[in-house]
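Computed from a prediction, not measured in an experiment: that's the story for all the values here. Convention: sequence-line order gives letters A, B, ...; per-chain numbering from 1.
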Protein chains: 2
Amino acid sequence: MRAGLGIGALSKRTGVHIETIRYYERIGLIPPPPRTAGRHRVYDEAMARRLAFIARMRALGFTLDEVRTFLALVDGGRYSCAQVRDLTLAHRETVRRKIADLQALEAALGDMAAACHGDAVPDCPIIDRLGHLV
Amino acid sequence: MRAGLGIGALSKRTGVHIETIRYYERIGLIPPPPRTAGRHRVYDEAMARRLAFIARMRALGFTLDEVRTFLALVDGGRYSCAQVRDLTLAHRETVRRKIADLQALEAALGDMAAACHGDAVPDCPIIDRLGHLV
DNA sequence: GATAGGATCTGTAGGAACTACAGGTTCAAG
DNA sequence: CTTGAACCTGTAGTTCCTACAGATCCTATC
């Protein structure tokens, strides 16, 4: 494995399991990479970054279909400029809502940790902060 | 269905599918509610809020096991004060990382939308911003 | 070159987290 | 009472991984 990364190295670099990488290739989320004569996959740094991006987006709660739309933005050639603008603004709203929720959660956790300096466990306000209804 | 919510109403209130609510009950994430004589589930407002919280945490990328630990904080009586403190601080770090990633994504999307005012679709920097390796 | 052990292959099966459906019962409005 | 919507239980299917088996490839060491 000379001039690139094998799948195991890629897995370590990105935190994505080997089987998951192969799954992503199978469902078309990442392109099939070049192979050695022995059929081993060879990945480059750009692919490592792409995969790290995918992993992050998943950890942030975006579905694979949502990740696909983000990747389509990156890959280009698919949307007009107006569509890109609409798409990014819509996604941005989703992102802002997630940020707001996480900030509420962080504040609640911080409050709770700060209140926890004696023997009495304080009430945890996270449902008050994040259990509001639609 | 008089003095509470049926499962359909709860589903509408929280955005969680009926089958998902029943699934959550089956796996012990939410307690079984009281029933009518006809076996219909009856939920109260506290349960609606709990479920909305769960839905939000899932949308933010937390696994059900992570949600369980949060709920254990809420339900109390399970951890000492020191454990609560350790747990909330550890969770808070996770939350902060998610916030940072989302803020990077939001900024990238905002930049892209702002750059998209002509015919030429700009390059999308989201992988540059979120594809950094571990 | 031979060997050994780790890395990787393909394909299949299973787990987690839902999601849908079927056949039946309950509920509430007219 | 009737009707149609809401709900029940149980089973099966989908999505997104995750694990495993049997085989091949790769690389380091002798």
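Taking atom CD1 of residue A/Ile30 and atom C1' of nucleotide D/dC16, one finds them 14 Å apart after rounding to whole Å. Atom CG of A/Leu5 and atom P of D/dC26 are 16 Å apart (whole Å). In this structure, CD1 of B/Ile21 is placed 14 Å from P of D/dA6, rounded to the nearest angstrom. Computed from coordinates, the B/Glu25 CD to C/dC18 P distance equals 15 Å when rounded to whole Å. In this structure, NZ of B/Lys12 is placed 10 Å from C1' of D/dA5, rounded to the nearest angstrom. Rounding to whole angstrom units, CG of residue B/Leu29 and P of C/dA17 are separated by 9 Å. Rounded to an integer number of Å, the gap from CZ of B/Arg58 to C1' of D/dT15 is 12 Å.
No continuous path of hydrophobic side-chain contacts links B/Leu89 to B/Ile99 [ILVMFWY only; heavy atoms under 4.5 Å].
Looking at A/Arg96, A/Lys98, A/Arg92 one by one, the single match for side-chain contact (heavy atoms from CB on, under 4.5 Å) with A/Thr94 turns out to be A/Lys98.
Within the structure, a side-chain polar atom (N or O) of A/Thr20 is placed less than 4.0 Å from OP1 or OP2 of D/dT18. OP1 and OP2 of C/dA17 both lie 4.0 Å or more from every side-chain N or O belonging to B/Tyr24. OP1 or OP2 of C/dC27 sits under 4.0 Å from a side-chain N or O of B/Thr36.
Between the side chain of B/Glu66 and the backbone N or O of B/Thr63, at least one donor-acceptor pair lies under 3.5 Å.
Nucleotides of DNA chain D nearest to A/Ala37 and B/Ala9 differ in position, and the one nearer the 5' end is that of B/Ala9.
Take B/Phe62 and apply the ring-ring contact (aromatic ring centres under 6.0 Å, His included) test, not counting sequence neighbours, and it matches B/Phe70.
Other residues, nucleotides and ligands contribute over 12 non-hydrogen atoms within 6.0 Å of the CZ atom of B/Arg58.
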Evaluate side-chain contact (heavy atoms from CB on, under 4.5 Å) for B/Asp86 paired with B/Gln83, printing each intermediate quantity in order.
CA-CA 5 Å; B/Asp86 289 346; B/Gln83 285 170 322; 5.7 Å; no
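Residues A/Ile126 and A/Met112 form no side-chain contact, since every pair of their non-hydrogen atoms from C-beta on lies 4.5 Å or further apart.
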A correct 5'-to-3' footprint of nucleotides 9-16 of chain C, with B, S and - meaning base, sugar-phosphate only and no protein heavy atom under 4.0 Å, is BB------
